[in-house]
Each structure stands twice: as structure tokens, then as C-alpha cells.
Amino acid sequence: MKKQPMPKGVRITAILLLAVVSLNALAAGYSFITDPSGNGLGISTAYLEPSAPFDTYFIPGLVLFCVIGIWGAAVAVMAFTQSRHYSFLVFAQGCILVVWIVIQLLMVTIFHPLHLVIGLSGLALMLLGWLINDKHLSW
């Protein structure tokens, strides 16, 4: 069966979602790196007690900045340029976001609506990556 062309909106939606999530991760990650107390974002280190393996937000900020921010921006660029296997990378970035949120929820003491937004963004990226692959490319 012949694959149908992918609707343009699917790739553009993935790029926009990646860009928004990445830019937010870069800003928040940078804030946590430069002020590990979390005060810059109005977050107390009390949220890390008692289950997180660290006392400050430096390590989570570093991971957020690099893995969600820088890598997510790179995936957005690869999707924009339609690099080889970019659909898999979009799907993988969605998986990374979902895992990030699950781990975060296991470590913090309170649920924030942003957890839901980022978790749903991850699921959406997984779906978009799958749709791009299914309609257009082969992994």
C-alpha cells in the first residue's frame, strides 16, 4: 500500500511544540543553574524533601537545560530541515519529556499543573513523531 503524503501541519505542529518546550526548558534550566535554591522561579527546595536525591535544583536544572532545552531545540532544527530520521527523534523527545515528568513527580512533594502540560506535550510529540513516520518516512 502506498504511503500518503504527510499533512504539512503535523510537522509544523511538532516543530512549534518542540520550540516552545525547549525555550521554556532553557530559561528554567538556566535559572536553576544560576540560582540552585529555586528562588529565581519562586520554588522552594522544600519541594525536594524528603524523596529527591539532591538538596538544590542545580542537577535538575542542568539536565533540564541540556536534555530538554538544548537537545529539544536540536530536534526542532532537525525536524525543520527534515533531517534523516527526524520523526524518530521527535518521538524520542516526547518519550524523554514523559520520563522527565514521571521522575519529577516521584521526587517532588506537590503536583503542579505544569506537570500535566509538559506530560501532555510529551505524549503529543510521541503521537506527532509516529504520525510523521507513518505517513511520510520509514525509520
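Just so you know, residue 1 is the first one in the sequence shown, and it goes up from there. None of the values given here were measured: they were computed from a predicted structure.
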Q. Is there side-chain contact between I96 and W71, with at least one heavy-atom pair below 4.5 Å?
A. yes
Q. Which heavy-atom pair separates I101 from G119 by the least distance, and what is that distance?
A. CG1-N, 3.9 Å
Q.
With a 3.5 Å distance limit and no angle check, can you tell me whether T45 reaches the backbone of S37 through a side-chain donor-acceptor pair?
A. no
Q) Counting N and O atoms only, with roles assigned by atom type, does the side chain of R11 sit under 3.5 Å from a partner on the main chain of A79, one being a donor and the other an acceptor? A) yes
(Q) Using 0.5 Å steps for rounding, measure from the OG1 atom of T13 to the CG atom of L125. (A) 10.0 Å
(Q) Restricting to side chain to side chain contact (heavy atoms under 4.5 Å, CB included), what partner residues turn up for A28, sequence neighbours left out? (A) L41, L64
Q. How far does CG of L127 sit from CZ of F91, to the nearest 0.5 angstrom?
A. 9.5 Å
Q | Over all atoms of both residues, closest heavy-atom pair of Q93 and L18 | A | CG-CD2, 3.6 Å
(Q) On a heavy-atom basis, which atom in M107 and which in S51 lie closest, and how many Å separate them? (A) O-OG, 3.0 Å
Q. Is it the case that one hydrophobic cluster holds both V10 and V77, taking links as side-chain heavy atoms less than 4.5 Å apart, direct or via other members?
A. no
**Q.** side-chain hydrogen bond (donor to acceptor under 3.5 Å, both in side chains) against T34, all qualifying residues, sequence neighbours excluded
**A.** none
**Q.** Selection residues 23-63 - residue pairs positive for ring-ring contact (aromatic ring centres under 6.0 Å, His included), sequence neighbours left out
**A.** F32-Y57
Q.
Let me check something: do L120 and V108 share a hydrophobic cluster, defined by ILVMFWY side-chain heavy atoms less than 4.5 Å apart, either directly or through other members?
A. no
Q: Please assess I68 against V21 for the test side-chain contact (heavy atoms from CB on, under 4.5 Å), listing each intermediate value before the final yes or no.
A: CA-CA 8 Å; I68 309 297; V21 170; 3.9 Å; yes
Q.
How long is the straight-line distance from SG of C66 back to CG of L26, given to the nearest 0.5 Å?
A. 9.0 Å
**Q.** N/O donor-acceptor pair under 3.5 Å between N24 side chain and V20 backbone
**A.** yes
Q) If you look at every heavy atom in A76 and A19, which pair is closest and at what distance? A) CB-N, 4.4 Å
**Q.** Spacing of CD1 belonging to I132 relative to OG belonging to S87, to within rounding of 0.5 Å
**A.** 6.5 Å
Q) How long is the gap from CD1 on I110 to CG on L105, to the nearest 0.5 Å? A) 11.5 Å
Q. What's the shortest heavy-atom distance between S22 and A73, and which atoms?
A. OG-N, 3.0 Å
Q: Classify the angle between the aromatic ring planes of H115 and F111 as parallel (below 30°), tilted (30 to 60°) or perpendicular (above 60°).
A: tilted
Q. Is there side-chain contact between V75 and Y86, with heavy atoms separated by less than 4.5 Å?
A. no
Q: Please report the shortest heavy-atom distance between S121 and L97, naming the atom on each side.
A: C-CD1, 4.4 Å
Q | Rounded distance (nearest 0.5 Å) linking atom CD1 of I15 with atom CG of L17 | A | 11.0 Å
Q.
Using only atom types and a distance under 3.5 Å, with no angle test, would you say the side chain of S31 pairs donor to acceptor with the backbone of A27?
A. no
